[in-house]
Amino acid sequence: MIELETRELEYVIALADELHFGRAAARLSIAQPALSKAIRRIESRLGVQLFIRSSRHVGLTPAGEALREHGRHALNAVSAAVRNARRAGDAQARLRLVLKPGGDAGLLSAILAEYAHQPAARQVDILFSGPADRTDFLRDGRADVGLLYAPFDDLDGLAHETLHAEDRVVIVPSGHRLAGHASVRMSDLEGETLPCWKGVPGSDGTGPEVADVVQMLHMIKVNRMIAVLPRSLVEPVPAGLVCVPVTDAPPSRLVLAWNEEDRRPLVASFVTAALGAVTP
């Protein structure tokens, strides 16, 4: 069995991310020659080439791409295991909930109130994150549970329960050509400028990069873009904007998610409370 140490995986991932030996070495706080030697040693042990080197360029081979993807998951799993082991031995550990600002569909107060009645309830720390990294918080153990939106967030490796489903709307300035429509279809949006979400791989918007909904709404007000979002993220509708239902956009689901390997009572009691809070 071929074994790699976690530090060696960190070397591979840093170089795969930076595609530059100098920047990767600086990120790892080691000398560049030491990193080069370590990468050669790892490739020799694995029997495959991970990187293509030239005097001006560093590129990933298919083997390197595969190791970067799976190695990142492995490092997250190790980190989560260490964090959870420490927290499992801490009788006073708090429960950490991650979500994006406003990303609770108005349910968070009811969920927290229901959770407070659980016999094993702990204090809840609420963590806010950007559009791209909430799932990372759950996979690497920085958060215990998270409120995510499907189908937008990657739920791979996460257990989850749907708390709320809602339609999606297009947000446009009040003077926009679609503002007076009772509803639209996705085809009606062709040619429009949509946001590019910062840090979100595969984001196909052609408009300015935005990091959160507040920034996006401002850009819509000044006619730089329009956007399609779950209705709850934009209610109440800010002045100067109009929300129009998009009839053929897939519904958005607010889900409570957690690491599928995490079976601690700390998490199970919060899941029970959240489902109880949204069940009629």
Side-chain angles (χ1 to χ4, degrees), residues 1-89 96 98 100 127-144 146 148 152-159 196-206 209-211 257-262:
M1 177 180 178
I2 298 174
E3 296 181 354
L4 289 180
E5 297 179 359
T6 55
R7 186 62 174 167
E8 291 176 316
L9 282 176
E10 290 173 351
Y11 291 167
V12 172
I13 291 170
L15 183 56
D17 288 344
E18 302 292 343
L19 294 179
H20 187 280
F21 275 93
R23 290 194 298 269
R27 170 172 154 179
L28 294 163
S29 300
I30 64 173
Q32 182 173 331
L35 177 60
S36 298
K37 183 177 180 180
I39 294 296
R40 288 195 300 270
R41 184 173 62 247
I42 292 167
E43 289 178 322
S44 176
R45 194 185 314 161
L46 295 179
V48 295
Q49 185 177 4
L50 302 175
F51 298 94
I52 301 170
R53 294 93 148 168
S54 71
S55 59
R56 296 185 177 182
H57 175 73
V58 177
L60 273 173
T61 67
E65 182 64 47
L67 186 56
R68 175 174 68 169
E69 178 183 355
H70 295 288
R72 199 186 304 277
H73 288 313
L75 289 178
N76 285 341
V78 170
S79 177
V82 171
R83 291 174 189 262
N84 289 336
R86 287 173 175 165
R87 286 172 56 76
R96 297 161 302 177
V98 64
K100 63 183 176 184
L127 312 175
F128 292 107
S129 76
D133 58 356
R134 287 184 303 282
T135 55
D136 290 340
F137 274 61
L138 298 175
R139 292 190 178 100
D140 66 19
R142 282 176 288 169
D144 304 302
L148 309 179
F152 313 105
D153 290 312
D154 178 14
L155 298 176
D156 183 42
L158 301 176
C196 177
W197 290 100
K198 183 177 181 180
V200 178
S203 178
D204 54 1
T206 58
E209 186 177 73
V210 295
W258 62 99
N259 193 308
E260 63 184 11
E261 302 297 328
D262 192 343

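Numbers for residues simply follow the sequence, beginning at 1. Just so it is clear, the values below take in all heavy atoms, side chains as well, and ignore hydrogens, waters and symmetry mates.
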**Request:** Let me know which of Asp154, Asp144, Asp156 forms a salt bridge (Lys or Arg N to Asp or Glu O under 4.0 Å) with Arg139.
**Result:** Asp154

[X]: what forms a salt bridge (Lys or Arg N to Asp or Glu O under 4.0 Å) with it, not counting sequence neighbours?
{"X": "Arg72", "result": "Asp17"}
{"X": "Glu69", "result": "none"}
{"X": "Glu10", "result": "Arg7"}

Over all atoms of both residues, closest heavy-atom pair of [X] and [Y]:
{"X": "Leu138", "Y": "Gly146", "value": "CD2-N, 3.6 Å"}
{"X": "Ala24", "Y": "Leu35", "value": "CB-CD2, 3.7 Å"}
{"X": "Ala38", "Y": "Tyr11", "value": "CB-CD1, 3.6 Å"}
{"X": "Ala257", "Y": "Leu148", "value": "CB-CD1, 3.6 Å"}

In Å and rounded to the nearest 0.5 Å, what is the [atom1] to [atom2] distance from [X] to [Y]?
{"X": "Ile42", "Y": "Leu9", "atom1": "CD1", "atom2": "CG", "answer": "7.5 Å"}
{"X": "Ile39", "Y": "Phe21", "atom1": "CD1", "atom2": "CZ", "answer": "6.0 Å"}
{"X": "Phe137", "Y": "Leu127", "atom1": "CZ", "atom2": "CG", "answer": "6.0 Å"}
{"X": "Thr135", "Y": "Asn259", "atom1": "OG1", "atom2": "CG", "answer": "11.0 Å"}

**Asked** Below 4.5 Å, heavy atoms only, C-beta onward: do Trp258 and Leu158 meet side chain to side chain?
**Response**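 A side-chain contact is absent here, since even the closest heavy-atom pair is not under 4.5 Å.
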
Side chain to side chain contact (heavy atoms under 4.5 Å, CB included) against [X], all qualifying residues, sequence neighbours excluded:
{"X": "Ala63", "result": "Val48, Leu50, Thr61"}
{"X": "Arg23", "result": "Glu18, His20"}
{"X": "Phe152", "result": "Tyr149, Arg168, Pro230, Ser252"}

**Request:** Answer yes or no: is there a donor N or O on one side and an acceptor on the other, between the side chain of Arg96 and the main chain of Gly141, under 3.5 Å?
**Result:**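 Yes, the answer is positive, given that a donor and an acceptor are paired below the 3.5 Å cut-off.
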
**Asked** Under the side-chain hydrogen bond (donor to acceptor under 3.5 Å, both in side chains) rule, what pairs show up with a residue in residues 28-44, not counting sequence neighbours?
**Response** Glu43-Arg53

**Asked** Does any pair with a residue in residues 56-65 pass salt bridge (Lys or Arg N to Asp or Glu O under 4.0 Å), and if so which ones, sequence neighbours excluded?
**Response**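 The answer is Glu65-Arg68.
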
